[in-house]
Amino acid sequence: DGGITQSPKYLFRKEGQNVTLSCEQNLNHDAMYWYRQDPGQGLRLIYYSQIVNDFQKGDIAEGYSVSREKKESFPLTVTSAQKNPTAFYLCASSILGSRLNTGELFFGEGSRLTVL
Amino acid sequence: SQQGEEDPQALSIQEGENATMNCSYKTSINNLQWYRQNSGRGLVHLILIRSNEREKHSGRLRVTLDTSKKSSSLLITASRAADTASYFCATDPQTEANNLFFGTGTRLTVIP
């Protein structure tokens with residue numbers, strides 16, 4: 001079945017460590033996104049990519065890094081520079097829309113990161 | 001911020017009643033979308049309404065859009081316990097290509 005797979009579902013990290021969250025999609029979508037969700041704050045955009053080997057910062061990119069070497073994959077690295085990394089991270093993808101409309105986003109099941 | 005704001009933040013109703021959630025936003029948009037999220041899960045797309053549309057239906061869902069007031073509403077009719085979830089509006093602003101901005105959500109509880 002087509003969809004988006006995020007892993008791991010739960011991750012624990014010690015302070016000062018980098019961690020990488022995986023996001024893979026088999027929907028043949030060009031655009032992929034990473035959002036962070038904190039309680040009561042909705043979703044905030046970290047990074048997005050519209051094409052392989054290209055990506056743009058979102059509202060809260062500091063302390064995060066991404067790569068887009070393959071169309072299917074968009075991993076997110078949470079670096080030690082991220083001051084408050086404990087959160088629920090959501091990956092999404094979409095068909096690359098025209099400038100007139102951003103279409104429906106398809107989300108993975110999320111990864112919950114806890115810093116100990 | 002270009003985020004939408006949902007109202008109310010939380011809503012509790014009895015099974016069979018209708019639930020109405022509202023979303024207000026600040027910028028001109030191409031479309032507005034509603035998503036549902038069960039606790040600890042990913043978001044699921046419910047419905048998309050374009051800026052030139054005023055009302056749209058999908059099953060028990062009815063969405064309205066008033067671009068002059070920069071607001072939208074989501075109505076769930078004949079609610080069921082399985083409708084218990086958080087509901088988010090997301091706006092596609094005209095000034096940003098291929099980005100959606102999400103509100104803080106309405107937490108709906110349907111009591112059996």
Side-chain angles (χ1 to χ4, degrees), chain A residues 3-7 9-10 21 23 25 27 29-51 54-61 87-114, chain B residues 1-10 21 23-53 56 58 61 63 65 85-107:
Chain A
I4 299 181
T5 302
Q6 287 187 240
S7 64
K9 189 169 179 63
Y10 298 96
L21 308 179
C23 178
Q25 55 99 358
L27 299 168
H29 287 168
D30 288 300
M32 297 187 74
Y33 310 79
W34 274 105
Y35 289 90
R36 169 180 171 142
Q37 186 176 31
D38 295 283
Q41 292 194 39
L43 277 67
R44 291 182 290 169
L45 183 65
I46 305 173
Y47 269 98
Y48 67 99
S49 169
Q50 298 179 1
I51 195 170
D54 187 46
F55 45 83
Q56 286 78 42
K57 293 181 178 180
D59 296 328
I60 55 165
F88 189 52
Y89 291 88
L90 287 158
C91 179
S93 71
S94 73
I95 296 171
L96 189 64
S98 68
R99 206 178 163 76
L100 297 176
N101 272 289
T102 298
E104 169 187 355
L105 295 189
F106 293 78
F107 283 85
E109 287 297 303
S111 293
R112 187 168 298 280
L113 172 64
T114 303
Chain B
S1 169
Q2 300 194 48
Q3 280 187 332
E5 291 185 8
E6 284 94 340
D7 171 62
Q9 290 187 346
M21 289 158 269
C23 171
S24 59
Y25 57 92
K26 296 178 181 177
T27 63
S28 296
I29 60 171
N30 298 315
N31 68 63
L32 184 144
Q33 303 178 31
W34 285 91
Y35 288 80
R36 168 196 167 119
Q37 183 182 33
N38 287 357
S39 183
R41 306 291 297 276
L43 276 72
V44 175
H45 180 266
L46 295 175
I47 198 165
L48 180 154
I49 186 165
R50 302 189 190 284
S51 59
N52 60 355
E53 297 175 314
K56 204 162 182 180
S58 177
L61 306 180
V63 168
L65 179 64
S86 292
Y87 292 83
F88 295 87
C89 69
T91 53
D92 175 23
Q94 291 181 354
T95 54
E96 296 250 0
N98 295 298
N99 275 336
L100 290 183
F101 291 86
F102 287 81
T104 54
T106 292
R107 174 71 189 167

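In what follows, chains are A, B, ... by sequence order, proteins preceding strands, each numbered from 1. Since the model is a prediction, treat every value here as computed from it, not as a measurement.
Residues B:Q37 and A:F88 approach most closely at NE2-CE2, 3.8 Å, considering heavy atoms.
For B:E6, no part lies under 4.5 angstrom from a heavy atom of chain A. Neither the backbone nor the side chain of A:F106 comes within contact range of chain B; no heavy atom of the residue lies under 4.5 Å from a heavy atom of that chain.
Counting non-hydrogen atoms of other residues, nucleotides and ligands closer than 6.0 Å to NZ of A:K57 gives a total of 12 or fewer. Residue A:I51 qualifies as open at atom CD1: its count of foreign heavy atoms under 6.0 Å is 12 or below. Dense packing is recorded around CD of A:Q56, with more than 12 heavy atoms of other residues, nucleotides or ligands lying under 6.0 Å away.
Rounded to the nearest 0.5 Å, atoms CG (B:L100) and OH (A:Y33) are 6.5 Å apart. Taking CG of A:L105 as the reference point, atom CZ of B:F102 lies at 5.0 Å (rounded to 0.5 Å). Rounding to the nearest 0.5 Å places CZ of A:F107 at 14.0 Å from CZ of B:R41.
Of the possible donor and acceptor atoms, none in the side chain of A:E104 sits under 3.5 Å from a partner among the backbone N and O of B:Q33.
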